[in-house]
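To start, the structure itself, in C-alpha cells.
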Amino acid sequence: MDRNHSLSRREVLKLAGSGLLSAAFSGVSFAAGGEFKLPALPYAEDALEPYIDAATMSLHHGKHHAGYTNKLNAAIEGTDLVGMSIEDILADLEAAPEDIRTAVRNNGGGYANHNLYWQIMSPDGGGEPDGELAEAIERAFGGYAGFKEAFAAAAGGVFGSGWTWLVSDAGALNIETSPNQDTPLMRGATPILGIDVWEHAYYLRYQNRRADYIGAFFNVLNWARVEELYLATL
Amino acid sequence: MAFELPSLPYAENALEPHIDARTMGIHHGKHHASYTSNLNGAIAGTDLEGKSVDEILGDLDAVPEGIRTAVRNNGGGYANHNLFWQIMGPGGGGAPSGALGDAINSAFGSFDDFKSAFSGAAATRFGSGWAWLAVEGGALRVSSTPNQDTPLMSGNTPILGIDVWEHAYYLNYQNRRPDYIAAFFNVINWAKVAELYAAAS
Ligand SMILES: [Fe+2]
Ligand SMILES: [Fe+2]
C-alpha cells in the first residue's frame with residue numbers, strides 16, 4: 001500500500017470542491033502503465049507565500065521534481081522495477097541493476113522526497129501538532145519547542161545538498177538527515193516529515209540565509225498530514 | 001594568523017552577463033566570507049594556525065578529530081573559492097595555448113574533448129560540488145568532488161575549478177546548470193590557469 005500518497009476523506013472532499021481531484025489522484029506513485037507520474041501540487045504555486053515564493057515553487061515542482069520523475073522513468077525503463085512502488089524500489093536498492101542503481105537512487109529519491117514535501121506543507125499549516133503525534137513528540141523531544149529546536153538545528157547543519165527528516169520507527173520518533181536525495185526509505189524507515197535543504201529550495205527568496213527558510217517552513221507545516229502519516233506507521 | 005577573505009580581483013559586475021553581479025556579491029561576500037570565518041573559528045587555538053590552507057587540506061588526518069569535519073568543509077570552501085575567483089576574469093574565454101594547450105591536447109585529444117569531459121563532470125556531479133582540472137602525478141585529469149572537497153585532499157593540484165553548488169548559478173540560471181557551465185567557459189582566465197599549471201608541473 002502506497003500510504004505516502006493516500007488522501008484522507010476530508011482532503012478528497014476538499015479537492016473535489018476545488019476541481020483539483022483528478023490532478024491529485026495523478027499523484028499516486030505508480031500508474032497502470034508503469035510510469036511514475038509527477039503529482040500535481042496540492043495547492044497553487046503562490047499558496048505558501050510569503051514563506052515560500054511562487055517562483056521557487058514553480059521551478060521546484062515543474063523543473064526539479066519533473067526532472068527527477070523523467071530521469072527515474074528513463075532509468076527503470078525495460079527493467080523489473082517497472083510496476084513496483086517507489087517505496088519498494090528505494091527500500092531495496094541492491095535489487096536494482098548495478099548500471100542504473102545510482103540513477104535510481106538519485107532520481108527515485110528525488111521523486112519520493114518531493115512527493116512527501118509538497119504534502120506536508122499547506123497554506124493552512126503552521127501551529128503545533130496535536131493528538132497522538134503530539135504525545136509522541138513529547139516523549140521523543142520533551143515537547144514541540146524541543147522538537148522544533150532539534151529539527152531546525154539538524155536542517156541548518158546539513159552541509160551541501162540534502163534533507164532533514166522526522167522518522168517514525170513503529171511510532172518512535174527521531175530526527176535524521178541525509179545527503180543529496182537519499183531518504184530513510186533506503187533503510188526501510190518511514191519519513192513522516194521532511195525539509196528540502198538543497199539551495200534550490202530557498203535560494204531565490206532567502207539566498208544564503210538557510211536559517212530563515214527553515215524558520216519560515218514551520219509556518220506552512222501541514223501537521224494534519226504529518227499526523228496521518230504518523231498514524232499509518234503504528 | 002587568521003585566514004583572510006581575499007577581495008575579488010575584479011568588480012562584482014565584471015563577469016556579466018555570464019555571471020551576474022548579484023550572484024558574485026552574495027557568493028563572495030556571504031558564502032566565501034562564512035567559509036573563511038568558520039575556518040578561523042574551527043582552528044582558533046590549535047596547531048593549525050599559521051599553516052597554509054593547502055598544507056592543512058593535504059593532511060586532514062593530522063587535524064584534531066573534533067574539528068576535522070569543520071576544517072574539511074570550511075577549509076575546502078575557503079581554498080576552492082580563492083581559486084575560483086582567480087581563474088575567471090573579464091576578457092576571459094577562448095582556449096589555452098603554450099605548454100598548457102599542449103598538455104590539454106595530449107591528455108584529452110583536443111580542447112573540445114577537454115571541454116566536453118569537464119562539462120560532463122560538472123553537469124553530472126549530483127548535489128553540491130565542484131568539477132576540476134588538476135595536475136595529478138604530472139598529468140592533467142578532469143574530476144569532480146562533492147561539497148567542498150578538493151583534489152588538494154588527495155595530494156593533487158587543481159588548476160581550474162567550477163563551483164556547481166546551486167548558489168553559484170541559481171539566481172541567473174535556476175535549474176539550468178548546463179547553461180551556467182557553458183557560460184563559465186566565456187570567463188575562464190586561461191593565462192592564470194597556465195601560470196598555475198607551470199607552478200604545479
Ligand atoms: Fe528539491
Ligand atoms: Fe560557492
Side-chain angles (χ1 to χ4, degrees), chain A residues 38 45 53-72 75 100-111 113-114 156-163 177-183 196-213, chain B residues 5 12 20-39 42 67-78 80-81 123-130 144-150 163-180:
Chain A
L38 177 68
E45 287 175 352
D53 60 292
T56 294
M57 287 299 287
S58 176
L59 287 160
H60 202 172
H61 175 259
K63 301 293 182 182
H64 293 278
H65 197 185
Y68 295 128
T69 308
N70 294 337
K71 287 177 186 168
L72 171 63
I100 62 166
R101 195 173 298 151
T102 298
V104 171
R105 174 182 186 158
N106 291 345
N107 296 296
Y111 178 69
N113 293 343
H114 291 86
V158 173
F159 191 72
S161 300
W163 292 74
T177 66
S178 60
N180 296 328
Q181 296 296 351
D182 287 358
T183 144
D196 187 345
V197 293
W198 284 56
E199 290 172 321
H200 66 233
Y202 59 88
Y203 213 79
L204 295 182
R205 173 131 226 152
Y206 298 97
Q207 297 87 46
N208 60 303
R209 302 184 309 281
R210 186 194 286 181
D212 291 354
Y213 157 68
Chain B
L5 177 68
E12 287 177 357
D20 62 292
R22 186 158 174 249
T23 295
M24 288 297 290
I26 297 169
H27 201 171
H28 175 259
K30 301 291 183 182
H31 293 279
H32 196 185
S34 72
Y35 293 128
T36 308
S37 59
N38 290 341
L39 172 62
I67 61 167
R68 196 174 298 151
T69 299
V71 169
R72 175 182 184 155
N73 291 345
N74 295 294
Y78 177 70
N80 292 343
H81 291 86
T124 56
R125 166 51 54 188
F126 190 70
S128 300
W130 292 74
S144 75
T145 53
N147 296 330
Q148 295 296 351
D149 287 358
T150 140
D163 187 345
V164 293
W165 284 57
E166 287 169 324
H167 67 233
Y169 59 88
Y170 211 79
L171 297 180
N172 205 25
Y173 297 97
Q174 295 87 46
N175 61 302
R176 304 184 309 281
R177 189 193 287 186
D179 292 356
Y180 157 68

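Atoms considered below: every heavy atom in the structure, side chains included; atoms not considered: hydrogens, waters and symmetry mates. All figures in this text were calculated on a predicted structure; none of them were measured in a lab. Within every chain, numbering begins at 1; the chains are lettered A, B, ... in the order of the sequence lines, protein sequences first and strands thereafter.
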Original post:
CD/Glu199(A) to CG/Leu204(A) distance, rounded to the nearest 0.5 angstrom?
Top reply: 11.5 Å
**OP:** Could you tell me which of Leu171(B), Thr69(B), Thr23(B) has the largest number of non-hydrogen atom pairs under 4.5 Å with chain A?
**Re:** Leu171(B)
Original post:
For the residue pair His114(A) and His60(A), does the interplanar ring angle fall in the parallel (under 30°), tilted (30 to 60°) or perpendicular (over 60°) class?
Top reply: perpendicular
Subject >> Between Pro179(A), Gly67(A), Ala55(A), Gly160(A), the one whose heavy-atom pairs under 4.5 Å with chain B are most numerous >> reply: Gly160(A)
Subject >> chain A interface, residue from Lys30(B), Arg176(B), His167(B) that has the most non-hydrogen pairs under 4.5 Å >> reply: His167(B)
**OP:** Can you label the angle between the His27(B) ring and the His81(B) ring as parallel, tilted or perpendicular, going by 30° and 60°?
**Re:** perpendicular
**OP:** Check each of Trp165(B), Phe126(B), Tyr170(B) against Trp198(A) using the ring-ring contact (aromatic ring centres under 6.0 Å, His included) test, and report the only one that passes.
**Re:** Phe126(B)
